[in-house]
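The structure appears right after this line, and notes come after that.
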There are 2 protein chains.
Amino acid sequence: MNREHVQATVTVDLVILTIRDNRLKVLLIERGNQPFQGQWALPGGFIRPDEDIDDAALRELSEETGLEGRHLHLEQVRTYATPGRDPRGRVVTVAYLAVAPDLPMPTAGSDARSAKWANVSRVGSLAFDHADILRDAVEMARSKLEYTTLAAAFCPELFTVSDLRRVYEVVWGTRIDPRNFHRKVVGTKGFLEQSAARRNPLIGRPALLYRRGPATALYPPMLRRSDSLASISSAT
Amino acid sequence: MNREHVQATVTVDLVILTIRDNRLKVLLIERGNQPFQGQWALPGGFIRPDEDIDDAALRELSEETGLEGRHLHLEQVRTYATPGRDPRGRVVTVAYLAVAPDLPMPTAGSDARSAKWANVSRVGSLAFDHADILRDAVEMARSKLEYTTLAAAFCPELFTVSDLRRVYEVVWGTRIDPRNFHRKVVGTKGFLEQSAARRNPLIGRPALLYRRGPATALYPPMLRRSDSLASISSAT
DNA sequence: GCAAAAGTGTTGCAGGTACACCCATGA
DNA sequence: TCATGGGTGTACCTGCAACACTTTTGC
């Protein structure tokens, strides 16, 4: 390869979203090394020789969450390559959005002092340009709820229609009419598959449990009302 | 930077779409150098030191089309990094989608023997993984027509509602009712701004000329009918 | 006047919103 | 029986599909 061409280090950064305590959460790690030592950042790492970026993202995800890919949604967001975004040199990072059901408390990895689930709405400044990446990834997730079945990726194997509705409400920051929502998602072919089981709430009528159906697209889409005020209050 | 970390060369590849002769066209170049010498490929090139990828994409676009960015839509599609995708070594490419009004015939660049506008529906195999990139970018464009004002980026400064409708018809490969389409786009606030001028067709009533409005999102979206059979017949 | 393309009116249907109402359970 | 969340029925409203109809030009 021609020596004139810029050589760059390639990393993968993950925006791992889940819902805990009726809040949208993102996994953050406290950096154990320079640069940005002691600051909060998105989990990520370097790609290995002969490793595809999708595989690198999967590997990092499994290292951070301990879960294998079966129940996890993972897709590329975009690539960030502004010169100077990493003080160590030319580092190009490919950002991934991961969506997972409620996960156990994270453990600190090799490069991290500690890890936590942070409220997306309360995330302040982050290391590198990770605040930008987080904002882009969350907007992508919000948008994808509209015309894909991504919401189901926030739910465990078996879930109720209410669980699914809460995903929309928490991610969008809106209220949705439970009755109309129920009809809409149950009536959308391939979104949900009814299971034999039911779940009893603490009080009230038991709810049918569903698992994810084969559909990935939602047609017609579940449009956000324009009065959805959801936004990240990040100090960019 | 730690020597264990993989160093990669970073390139930018462009999927430049336009409409000519009522067909969706993509700019292809015939490679003048190895590898894949003599084969058709997407235009692209290496990023420079201290150059952001968005700027690299803009620069390549201006080099290939001779146009500056004012009337051009340019956005990232995704990043391709499969090991072995470039026989010269580890090359990571960031793909961009560019949309432009009908452009002049391209001229061959430094690295290209020749260049042409190819019918998207008739593109066969391409160098590297460019057939994959083209497919992803075209699907992105088709999808973005639904919920953004991207269609106007295919039109020159002044255009008629019919021009805009032809964009949808050509990109989606469908027929759209001219009467309903007219009402929809004229009624969508911020999509079109009426100009004082009109244009006379060879035969028929003159049409009002519009320019792009400030809106970028389309709400409610312009949904494709599911019977749209548009697809690329590319030999991947 | 005629052909052709631009643009308007109108009707019917699909799907969403709002909300009254019924159902099934625990206490 | 009451409280609570699950789920259905229904009336209304919005917006698109379909298509008849009017308008404005060149020839």
**Message:** Is it the case that dG15(C) (base atoms only) and R183(A) (side chain only) share a donor and an acceptor within less than 3.5 Å, ignoring hydrogens and angles?
**Reply:** no

**Prompt:** Rounding to a whole Å, what distance do you find between Q194(B):CD and dA6(C):C1'?
**Reply:** 13 Å

**Prompt:** Aromatic ring centroids of Y147(B) and Y147(A) under 6.0 Å?
**Reply:** yes

**Distance test, side-chain N/O of S162(B) to OP1/OP2 of dA6(C), below 4.0 Å** = yes

**Message:** Between P on dG15(C) and CD on E146(A), what's the gap in Å once rounded to a whole number?
**Reply:** 18 Å

**Prompt:** In terms of side-chain heavy atoms of R205(A), which of dT24(D), dT8(C), dG6(D) is nearest?
**Reply:** dG6(D)

**Request:** Measure from the side-chain heavy atoms of R165(A) and tell me the nearest of dA18(C), dG6(D), dG7(D).
**Result:** dG6(D)

**Fill in**
Walking DNA chain D from its 5' end, the first of K184(B) and P201(A) to be reached, judged by nearest nucleotide, is P201(A)

**Item:** L192(B) CG - dG7(C) P separation (whole Å)
**Value:** 11 Å

**Prompt:** Is it true that E75(A) and K144(A) make a salt bridge, defined as a side-chain N closer than 4.0 Å to a carboxylate O?
**Reply:** yes

**Request:** Kindly point out which of dT24(D), dG15(C), dG6(D) is positioned nearest to the side chain of P220(A)?
**Result:** dG15(C)

**Prompt:** Does N200(A) have a side-chain nitrogen or oxygen under 4.0 Å from the phosphate oxygens OP1 or OP2 of dA24(C)?
**Reply:** no

**Fill in**
For S162(A), the side-chain contact (heavy atoms from CB on, under 4.5 Å) test, sequence neighbours excluded, returns T160(A), R165(A), R166(A)

**Request:** Measure from CG on D163(B) to P on dA5(C) and round the result to the nearest Å.
**Result:** 13 Å

**Item:** Sugar-phosphate only, base, or nothing, as touched by R199(B) at under 4.0 Å among non-hydrogen atoms
**Value:** nothing

**Item:** 5′-ward residue of the pair P221(A)/R166(B) relative to DNA chain C
**Value:** R166(B)

**Message:** I need the CG-C1' distance between L223(B) and dG16(C), as an integer number of Å.
**Reply:** 13 Å

**Message:** Distance check needed: dG7(D) P versus H182(A) NE2, whole Å only.
**Reply:** 4 Å

**Asked** Please give, in whole Å, the distance from dT23(D) P to L208(B) CG?
**Response** 16 Å

**Charged N-O contact under 4.0 Å between R199(B) and D163(B)** = yes

**Request:** From the options dA20(D), dG7(D), dG26(C), select the nucleotide whose nearest atom is closest to the side chain of R179(B).
**Result:** dA20(D)

**Prompt:** Between F181(A) and Y168(A), does the ring centre distance come in under 6.0 Å?
**Reply:** yes

**Prompt:** How would you label the contact of P206(B) with the nucleic acid (heavy atoms, under 4.0 Å): base, sugar-phosphate, or nothing?
**Reply:** sugar-phosphate

**Item:** N180(B) (side chain) and dA18(D) (base): donor-acceptor pair under 3.5 Å
**Value:** yes

**Message:** Please report the distance, rounded to the nearest Å, between CZ in R224(A) and P in dG16(C).
**Reply:** 16 Å

